[in-house]
Peer 1: 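Sending over a structure as structure tokens; questions will come in a sec.
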Protein chains: 2
Amino acid sequence: MTETPIRASKHAPIFVTVDLVIFTVRQDVLQVLLIERGNEPYFGLPALPGGYVRDGETLDQAALRELSEETGVDGRQLHLEQLRAYSEPERDPRGRIITVAYLALGPDLPHPVAGTDARAAHWTPVASVLDRVSLAFDHSDILCDALERARSQLEYTTVAAAFCNEPFTVGDLRQIYEVVWGVPLDPSNFRRKVTHAEGFLVPTGERRYPDIGRPATLYRRGPARLLVPPLLRSGEAAHASLCL
Amino acid sequence: MTETPIRASKHAPIFVTVDLVIFTVRQDVLQVLLIERGNEPYFGLPALPGGYVRDGETLDQAALRELSEETGVDGRQLHLEQLRAYSEPERDPRGRIITVAYLALGPDLPHPVAGTDARAAHWTPVASVLDRVSLAFDHSDILCDALERARSQLEYTTVAAAFCNEPFTVGDLRQIYEVVWGVPLDPSNFRRKVTHAEGFLVPTGERRYPDIGRPATLYRRGPARLLVPPLLRSGEAAHASLCL
DNA sequence: TCAAAAGTGTTCTACTTACACCCATGC
DNA sequence: GCATGGGTGTAAGTAGAACACTTTTGA
């Protein structure tokens, strides 16, 4: 905030976009929603969904709008949080565009609906993207940051439940942790931790009968958003996260 | 990122600023650098230092530039990190301005030099600001978020050392934690934790002789940026942080 | 009765906390 | 000597890891 008038020349207006890293767990794998670019620059390359912020819109609103446009899902059901702004002057060859990245977490979503602009959208395993695929713009960097954020959010918050369709079992929830962190967890210790954390899980009273094995009690998300005590990755898990 | 051309009408350009929450510990109190606004809007009210992002500048560079303009200090010596973007359309009456807030931590700095624009700059105790003073724009919100970020950063990282002029003693460092968290800490347990954390403290071999009492060994910051194991606020400290 | 997954209990270890106590210095 | 922080040691309590074990179902 300076006293300089808004139209002063050296303070150039900047175009602002939001880009979304939408994670879900499908078929026991962490997946991210990517679109295929239909125009230059980076024509044909995969990219994160996103778009320009409109007049009168907050960044959160823009992210919600893009989210529902891309996935057809009401974003209010998903976990959505701001990651950070990316501002390298050369990050977009079209000109000065700053983007604010958002992290969205949701349960296995209906289908990767092609967006309103008829761009192809695909769920893509995160591991394969990090390994082999290079994304448009600086979206590979953003994806990395989002992945690390998601992993650490699982430690300190109850967002893992946002990956599960309700009602869910402790086993469902544990699978989320295992897939996102990329390490196996001890079922009995995991159960103790999540059931002892106040406000994390609320039993529905119902049970789910699997094809085989003992039925599991079903839960919904509790009111708690912070996970106390936190569920920390061990040194091994923290290290495994570096690669995937 | 959409394929829409950059000059399309509904994608309005937006002015982007950076605002800085610069914390230091002076006279046993956590203080924040505030400027007094010299123009409308909010003429005369205290505000966070900041300014417009210029052409060809990253947000980090803009923040560094503002930091050195406001404090006269080479920002490379300070800890500087992006907090988040604030984007309420009505947050600035002059028009559509999004700001990206930065958190800066530094040792007791030379003087609160009036910036290049000759605005008055003052170190102000954070507690008194939260209690009684309302800041321009949404800067009170930003200050709250920054304070909570700083407090939690002390748990998981070694940034507390950024508040100390080198070389410093374990007592100096403990005082930082006590002032920022607002709780007293056990000196002996604190010492054990920070000296056992790999790469946090490097002894200089020198000692400091206080006016009275046993001399203390002096340290510099080690290479570690993550603090393992973390130095967690107890339930009491975490609760105390809510108010201040 | 067997396989499979849910769920319980127990031991061992590591870490935190609280606090007693010693050390080195200026006065 | 004594006051004042610096610094070490230690016992009690707590939380996590590892793993043995029991339960409940379908086939």
Side-chain angles (χ1 to χ4, degrees), chain A residues 28 154-156 164 167-179 181 183-198 200-219 226-240, chain B residues 28 154-156 164 167-179 181 183-198 200-220 227-240:
Chain A
D28 299 2
L154 257 53
E155 295 187 296
Y156 302 107
C164 297
F168 54 86
T169 68
V170 173
D172 294 340
L173 191 66
R174 177 167 49 84
Q175 201 219 343
I176 299 297
Y177 276 87
E178 292 182 333
V179 165
W181 284 353
V183 291
L185 298 174
D186 182 295
S188 35
N189 292 331
F190 181 84
R191 139 180 306 300
R192 223 190 323 269
K193 288 181 194 174
V194 296
T195 54
H196 284 42
E198 190 96 5
F200 193 178
L201 301 179
V202 180
T204 63
E206 304 284 303
R207 293 204 288 176
R208 175 183 298 164
Y209 291 78
D211 289 351
I212 196 170
R214 176 174 173 173
T217 58
L218 288 166
Y219 297 87
L226 254 52
L227 183 52
V228 280
L231 221 162
L232 301 172
R233 288 175 278 187
S234 62
E236 187 191 346
H239 181 262
Chain B
D28 298 3
L154 257 53
E155 297 188 295
Y156 303 108
C164 297
F168 54 87
T169 68
V170 173
D172 293 340
L173 191 66
R174 178 167 48 85
Q175 201 218 344
I176 300 296
Y177 276 87
E178 293 182 332
V179 165
W181 285 352
V183 291
L185 298 174
D186 182 297
S188 37
N189 292 332
F190 181 84
R191 139 179 300 321
R192 221 189 324 269
K193 287 180 194 175
V194 296
T195 54
H196 284 44
E198 190 95 7
F200 193 177
L201 302 179
V202 180
T204 64
E206 305 284 302
R207 293 203 288 176
R208 176 183 298 165
Y209 291 78
D211 288 349
I212 197 171
R214 176 175 174 175
T217 58
L218 288 166
Y219 298 88
R220 297 187 185 283
L227 181 53
V228 281
L231 222 162
L232 302 172
R233 287 175 277 187
S234 63
E236 187 191 345
H239 181 262

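First the proteins, then the strands, lettered A, B, ... as listed; each starts at 1.
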Peer 1: Using whole Å, report how far CZ of B/Arg191 lies from P of C/dT17.
Peer 2: 17 Å
Peer 1: Do any N or O atoms of the protein come closer than 3.5 Å to N or O atoms of nucleotides 13-17 of chain D, and which pairs are they?
Peer 2:
from	atom 1	to	atom 2	distance (Å)
D/dA17	OP2	A/Lys193	NZ	2.7

Peer 1: Nearest whole Å is fine: how far is C/dT17 C1' from B/Leu231 CG?
Peer 2: 13 Å
Peer 1: Sequence neighbours left out, what passes salt bridge (Lys or Arg N to Asp or Glu O under 4.0 Å) with B/Arg208? Give chain and number order.
Peer 2: B/Asp172
Peer 1: Residues two or more places apart in sequence or in another chain: which of them pass ring pair (Phe, Tyr, Trp, His ring centres under 6.0 Å) with B/Tyr177?
Peer 2: B/Trp181, B/Phe190
Peer 1: Using the salt bridge (Lys or Arg N to Asp or Glu O under 4.0 Å) criterion, which residues pair with B/Glu155? Sequence neighbours excluded.
Peer 2: B/Arg233
Peer 1: Can you tell me if B/Thr217 touches the phosphate of D/dG7, counting only side-chain N or O atoms and a distance under 4.0 Å to OP1 or OP2?
Peer 2: yes
Peer 1: How would you list, by chain and number, every residue that makes a side-chain contact (heavy atoms from CB on, under 4.5 Å) with A/Ala197, sequence neighbours excluded?
Peer 2: A/Phe200, A/Leu227
Peer 1: Contacts to DNA chain D from residues 205-216 of chain A, heavy-atom cutoff under 4.0 Å, which residues?
Peer 2: A/Arg207, A/Tyr209, A/Asp211, A/Gly213, A/Arg214, A/Pro215
Peer 1: Not counting sequence neighbours, which residues clear side-chain contact (heavy atoms from CB on, under 4.5 Å) with B/Thr217? List them please.
Peer 2: B/Arg207, B/Tyr219
Peer 1: List in chain and number order the residues that pass side-chain hydrogen bond (donor to acceptor under 3.5 Å, both in side chains) with A/Thr195, two or more places apart in sequence or in another chain; answer none if no residue qualifies.
Peer 2: none
Peer 1: Starting from C1' on D/dA18, measure out to CZ on A/Phe190 and report it in whole angstrom.
Peer 2: 17 Å
Peer 1: Which value, rounded to the nearest 0.5 Å, describes the distance between B/Leu185 atom CG and B/Ile176 atom CD1?
Peer 2: 12.0 Å
Peer 1: Please list, by residue number, the residues of residues 170-178 of chain B whose heavy atoms come closer than 4.0 Å to an atom of DNA chain C; answer none if no residue qualifies.
Peer 2: none
Peer 1: Among all residues two or more places apart in sequence or in another chain, which pass the side-chain contact (heavy atoms from CB on, under 4.5 Å) test with B/Pro230?
Peer 2: B/Tyr156, B/Leu232
Peer 1: Could I get the full list of side-chain contact (heavy atoms from CB on, under 4.5 Å) partners for B/Thr204, not counting sequence neighbours?
Peer 2: B/Pro167, B/Glu206, B/Leu218, B/Arg220
Peer 1: Taking all atoms of both residues into account, what is the closest heavy-atom pair of B/Ser188 and B/Asp186, and its distance?
Peer 2: OG-OD1, 2.6 Å
Peer 1: Go through the structure and list residues passing salt bridge (Lys or Arg N to Asp or Glu O under 4.0 Å) with A/Arg174, not counting sequence neighbours.
Peer 2: A/Glu178
Peer 1: Which of the following nucleotides, C/dT8, D/dT8, D/dA18, is nearest to the side chain of A/Asp186?
Peer 2: D/dA18
